[in-house]
Amino acid sequence: MEQRSIQAEAQERIFVGIPAAPGIAIGPAYLFNKGEVVVEARRISETEVAAELDRFEQAVQRAERDLDKISSVAREKLGEESASVFEAQRLMLRDESVYDRIREYIQTHHCNADYAVAHVLDEHIRRLEASNNTYLRERVADLIDVKERLIRHLRREKLLSAVDPEHIIVAENLTAADVVLFSRRGILGCATDHGGPTSHVSIMARALGVPAVVSLHGLSDSVQTGDLVILDGIQGRVVVNPRPETLALYRTRQERYRRLLQDQQHLIPLPAETLDRRRFILRANLELIDELDLLKKFGAEGIGLFRTEVLFLMRGPLDVSEDYQLHVYRQIVERVKPHPTTFRLLDLGGDKMLPIAHREHNPFLGWRGLRVLLDRPELLLPQLRALLRASAYGPIRILVPMVTALDEYRRFQEVLEDVKAELRARGEPFDEAVPVGIMVEVPSVALMADLFAEEVDFFSIGTNDLTQYTLAVDRGNDLVAQLYEALHPAVLRLVKHTIDAGHRHGIPVSLCGELAGDPQATPILAGMGLDEFSAAPPYLPEVKRVIRAMQFREAQELAEQALQCHTATEVANLVNAWLEEHGCGLLQYMQADEPTAGNGRAEASSLQES
Amino acid sequence: MIVREVVVKNKSGLHTRPASMIVRTASRFKSDFFIEKDGYEINGKSIIGVMTLAAEPGARLKLIFDGEDEEEAAEAIVALFEQGFGEIE
């Protein structure tokens with residue numbers, strides 16, 4: 001924490017995290033604190049029982065109103081399935097084994113309602129935790145939510161629904177329910193200690209067009225409600241109690257960003273091609289059906305990465321049937337065609353823990369991605385069947401996550417062939433030629449890309465994981481996070497190697513990591529010959545702006561130079577100077593006229609180090 | 001008292017959404033409603049009870065209705081099971 005925050009003056013502190021949704025927000029913080037609820041037992045006298053029962057009733061009614069609101073927003077934003085979770089929680093409030101038992105407990109034990117609530121719900125929780133049934137163990141989270149919601153209402157604590165609009169939410173972490181509620185409140189932005197670009201908070205923030213930064217370790221401990229906060233969702237920074245100069249700087253940047261967004265409008269319908277007419281394809285990374293409108297809004301030509309994890313997270317992995325998946329996939333495919341939708345198979349493990357995955361010592365080197373799928377046919381088979389069936393309704397591509405070895409991929413191919421044979425036998429129509437590609441996110445695959453290219457239909461480079469694995473850096477770990485350098489020449493060399501191998505075998509190469517949406521990386525990636533950029537839709541127009549400002553030949557030369565650089569800083573300096581020369585680049589634009597202008601990333605790191 | 005036997009037909013069993021549907025529907029009636037599975041009986045108006053059954057596809061359940069509007073209650077609940085809780089086929 002200390003390495004990443006500095007005390008420029010008495011109180012200004014800068015936190016560096018991961019940008020999750022672009023934009024700049026300036027406003028008062030609202031600290032949303034959700035620590036463990038501690039309940040103390042208190043004896044009450046016979047005469048106080050009636051009042052205590054009344055206090056309990058009031059809390060139940062307030063909790064019911066909360067959950068009504070949450071399920072109606074969830075239904076609207078996330079669909080019927082996720083709303084049902086909150087509806088079930090609402091029903092639990094009046095459940096005889098909850099409501100009646102709590103009342104009974106207050107009456108017979110003469111204790112405070114808070115204690116009775118905790119006692120009764122803990123009993124249920126312990127019982128479900130001991131169950132052999134996975135589905136029931138997963139319901140524990142619902143009971144904990146119900147318990148905490150009731151206790152907070154008993155204490156009349158300011159709950160989420162009391163969040164004032166025009167605030168920047170600061171929290172350790174946010175659940176789906178939290179984010180759903182915020183979305184109604186007209187908040188300015190979200191900043192969380194934990195989470196990554198695909199956490200609920202990030203996904204929702206992008207869907208709502210609210211700037212967000214995640215993985216700001218220690219931020220929530222250093223902020224009070226009401227503190228003035230600058231949230232920079234472009235560079236992934238939060239400034240607490242800014243000095244007047246910093247504030248003025250960011251007000252200018254905020255205004256520039258606003259004008260930039262207006263100016264982007266003219267780019268949306270234009271093709272992503274260089275001055276000398278080299279054409280690139282810009283596609284979207286999406287996770288929710290409700291985000292499909294963003295494709296048109298930001299000019300994406302189809303979906304380069306549809307993450308299916310969210311679908312499973314919303315319902316619990318074993319609740320997602322083949323038919324339900326088909327229903328979802330089909331809607332997407334039909335709306336995105338004639339452009340293709342690239343569905344990535346369920347990618348569990350690493351930082352994407354589902355309840356069925358067990359805790360591991362080193363999850364990033366453990367049971368994740370394709371390894372899980374091959375071990376769990378009950379997850380893989382229904383998804384493959386649903387995807388193939390969806391291919392009858394429009395063009396799809398299947399993307400296999402976290403492949404590490406060729407024999408593993410071949411085993412997957414066998415499973416896929418079996419599923420196809422089964423569908424043929426069932427007489428289900430599907431596209432026999434559905435392209436199947438792999439994520440290139442492990443150095444072993446990038447190094448063997450020439451051999452993989454003989455057996456797959458496309459590559460999609462996942463630079464977030466590739467960078468972590470190549471540099472041996474966990475960006476969630478404060479002690480080493482600053483060593484996560486997206487433009488490290490070692491990573492660029494693996495990317496280049498993968499692109500060249502793909503092209504030698506005539507298969508297209510896409511890149512779907514954060515780098516794809518970073519205009520600073522655009523000229524290098526374009527110069528290396530990348531075919532497709534796939535990023536969260538709001539990032540696409542700036543990438544297009546850079547592409548349209550350059551000659552392909554110049555970008556090739558820049559890429560050649562970048563590959564010869566010794567350090568990531570050298571690469572950053574090289575590309576920043578290049579962007580400056582070409583009059584484009586997001587940071588260059590935002591920081592024009594500033595003393596450090598043209599030095600984007602370098603400026604960020606000097607602020608941290610000073 | 002009315003007793004009906006049903007089989008769980010929908011593909012994912014009595015998970016959260018079907019369980020909520022059963023409880024909400026049952027709560028509209030005055031009659032008592034119990035569900036029995038493998039000799040284990042729960043109150044069908046309790047969401048926690050219904051979830052605890054963890055009834056998987058193919059499970060056989062006995063539905064027991066008792067009260068003045070037992071006929072209507074039985075009809076409404078059995079219909080839910082027969083329609084597979086509105087899951088997309």
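Reminder, nothing fancy here: chain letters follow the sequence lines and each chain counts from 1.
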Note to self: Can you give me the closest heavy-atom contact between B/Thr16 and A/Ala88, atom names plus distance?
What the structure shows: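 Residues B/Thr16 and A/Ala88, closest heavy atoms: CG2-CB, 3.4 Å.
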Checklist line | Note: A/Glu87-B/Arg17 ion pair, threshold 4.0 Å (strictly below) | finding: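 Salt bridge: no.
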Checklist line | Over 12 foreign heavy atoms within 6.0 Å of CD, A/Glu422 | finding: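 Above 12, so yes.
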Note to self: Counting only heavy atoms from other residues, nucleotides and ligands, does the tally under 6.0 Å from CD of B/Glu71 exceed 12?
What the structure shows: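 Atom CD in B/Glu71 is not crowded, with 12 or fewer foreign heavy atoms closer than 6.0 Å.
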Next item on the list: Test side chain to side chain contact (heavy atoms under 4.5 Å, CB included) on A/Arg94 and B/Lys45 and set out the steps.
Entry: CA-CA 10 Å; A/Arg94 296 279 181 191; B/Lys45 293 184 178 181; over 6 Å; no
Check: By number, which residues in residues 56-67 of chain B have some heavy atom less than 4.5 Å away from chain A?
Finding: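 Residues of residues 56-67 of chain B touching chain A at under 4.5 Å: B/Glu56.
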Next item on the list: To the nearest 0.5 angstrom, please state how far the OG atom of B/Ser46 sits from the CG atom of A/Asp95.
Entry: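 One finds 3.0 Å between OG of B/Ser46 and CG of A/Asp95.
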Check: Can you tell me how far the OG atom of A/Ser84 sits from the CE atom of B/Met21, to the nearest 0.5 Å?
Finding: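 It is 10.5 Å, given to the nearest 0.5 Å.
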Margin query: When you compare the side chain of A/Arg90 with that of B/Arg24, does any pair of heavy atoms fall below 4.5 Å?
Written below: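 A side-chain contact is absent here, since even the closest heavy-atom pair is not under 4.5 Å.
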Check: Heavy atoms, side chains only, cut-off 4.5 Å: are B/Ile48 and A/Leu143 in contact?
Finding: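 Yes. Closest side-chain heavy atoms under 4.5 Å.
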Item checked: Which atoms of B/Ile42 approach chain A - backbone, side chain, both or neither, heavy atom under 4.5 Å ->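 Neither the backbone nor the side chain of B/Ile42 comes within 4.5 Å of chain A.
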Notebook entry, point to check: Which answer fits B/Thr52, side chain, backbone, both or neither, if we ask what part of it has an atom under 4.5 Å from a heavy atom of chain A?
Noted result: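 The answer is both parts of B/Thr52.
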Next item on the list: Determine the option with the most heavy-atom pairs under 4.5 angstrom with chain A, choosing from B/Ala19, B/Gly49, B/Ser27, B/Ala54.
Entry: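 Of the candidates given, the most pairs with chain A belong to B/Ala54.
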Next item on the list: Write out, in numerical order, the residues from residues 120-128 of chain A with a heavy atom short of 4.5 Å from a heavy atom in chain B.
Entry: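 So the qualifying residues are A/His124, A/Arg127.
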